[in-house]
2 protein chains.
Amino acid sequence: MVNVGDFLKTNGIKPSYQRIKIYEFLMNNKEHPTVETIYNALNGQIPTLSKTTVYNTLKIFIDKGIAMAITIDEIEVRFDAHMDMHGHFKCEQCNTIYDFNVNFEGALSDELNDFEITEQQMFFYGICKKCKNHS
Amino acid sequence: MVNVGDFLKTNGIKPSYQRIKIYEFLMNNKEHPTVETIYNALNGQIPTLSKTTVYNTLKIFIDKGIAMAITIDEIEVRFDAHMDMHGHFKCEQCNTIYDFNVNFEGALSDELNDFEITEQQMFFYGICKKCKNHS
DNA sequence: TATTAGTTTGTAATCATTACAAATTGATAG
DNA sequence: CTATCAATTTGTAATGATTACAAACTAATA
Ligand SMILES: [Mn+2]
Ligand SMILES: [Mn+2]
Ligand SMILES: [Zn+2]
Ligand SMILES: [Zn+2]
């Protein structure tokens, strides 16, 4: 990505300081952070940051299609700026969320042929490799 | 299913009146009801029913593997007693949740080979056929 | 019948998220 | 530069789903 500000502009989002920082954090963080995580991480650089701004900004990102909400966790929503098609695995032991590649071709029956699909999520749950070996 | 009481017993759940009614409702209801829906639907037959009982019972069902939580909605969790592998489509317009068949063979890369997968969910979002035709 | 464990219930607490209005910032025109 | 207006940010209060907890009730057992 050349420039986050330009990228936001391209997507119809006015690039305020907070929005740029939040998007940068999402981009550089593959951990699918929660609002709490984002807020805590940025509160150092932006001492006046409000949690409401984080919520608002994420909502804008989602509306404009440059981020997505991951409801893999029943407690908090997680966020992802990596919009390429991929699935998520949540380890029930260490709570880490892993990305994995998936290709849907042929996996789907034709029941949804007349449905307009705007988003697809694949959530797997279980025990990750690390936790399995460690126990 | 021969008998819900026996089925619960088989799965290590003592078949109380409330548990039987809640499971029957889940079984006969393909709408992926919320706790609120279940509570309202059964409150007629069981006037003393407590919402806490609905929560507790569903937790037991999930622990014992005879129901699953569907976090396709960001607000409320939905529940499903149909444990055969299938995906869920949520229409953003009418909020209906549809089932659809899916077969994962070959859709997955080998990244998760050493992971223990205990559950998999597939959530699609968009506009359903009915809403598309209606507009 | 008495005892005990398991179940249900109602209420209070928790906590992620949203609503809302005031404060701040940024852009634009005179 | 200054005034004006819109967009953005902020803090606080409300909302509402879920959980914690303890008392009431039920079922089983001796
Ligand atoms: Mn991801
Ligand atoms: Mn279903
Ligand atoms: Zn793990
Ligand atoms: Zn619809």
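Sequence lines set the chain letters: A, B, ... in the order given, protein chains first and strands last, and positions in each chain run from 1. What you see is a predicted model, and the numbers here were worked out from it, not measured in a lab.
- One can place CD1 of B/Ile20 at 13 Å from P of C/dT7, the figure rounded to the nearest angstrom.
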Letter per nucleotide, 5' to 3', of nucleotides 8-23 of chain D [B base touched, S only sugar-phosphate touched, - untouched; heavy atoms, 4.0 Å]: SSBBB----SBBBB--
Could you list the donor-acceptor pairs under 3.5 angstrom formed between side-chain atoms of residues 43-51 of chain B and any protein atom two or more places apart in sequence or on another chain?
{"unit_1": "B/Ser50", "atom_1": "OG", "unit_2": "B/Thr52", "atom_2": "N", "d": "3.1"}
{"unit_1": "B/Lys51", "atom_1": "NZ", "unit_2": "B/Glu36", "atom_2": "OE1", "d": "2.7"}

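- Applying the salt bridge (charged side-chain N to carboxylate O under 4.0 Å, His left out) test to every pair with at least one member in residues 67-87 of chain A, sequence neighbours left out, gives these pairs: A/Asp73-A/Lys90.
- Rounded to an integer number of Å, the gap from CG of A/Asp73 to P of C/dC15 is 14 Å.
- For residues 39-83 of chain A, the ring-ring contact (aromatic ring centres under 6.0 Å, His included) pairs, not counting sequence neighbours, are A/Tyr23-A/Phe61.
- Scanning for ring-ring contact (aromatic ring centres under 6.0 Å, His included) contacts around A/Tyr125 gives an empty result, with sequence neighbours left out.
- Note on residues 5-20 of chain A: no pairs pass side chain to side chain donor-acceptor pair (under 3.5 Å), not counting sequence neighbours.
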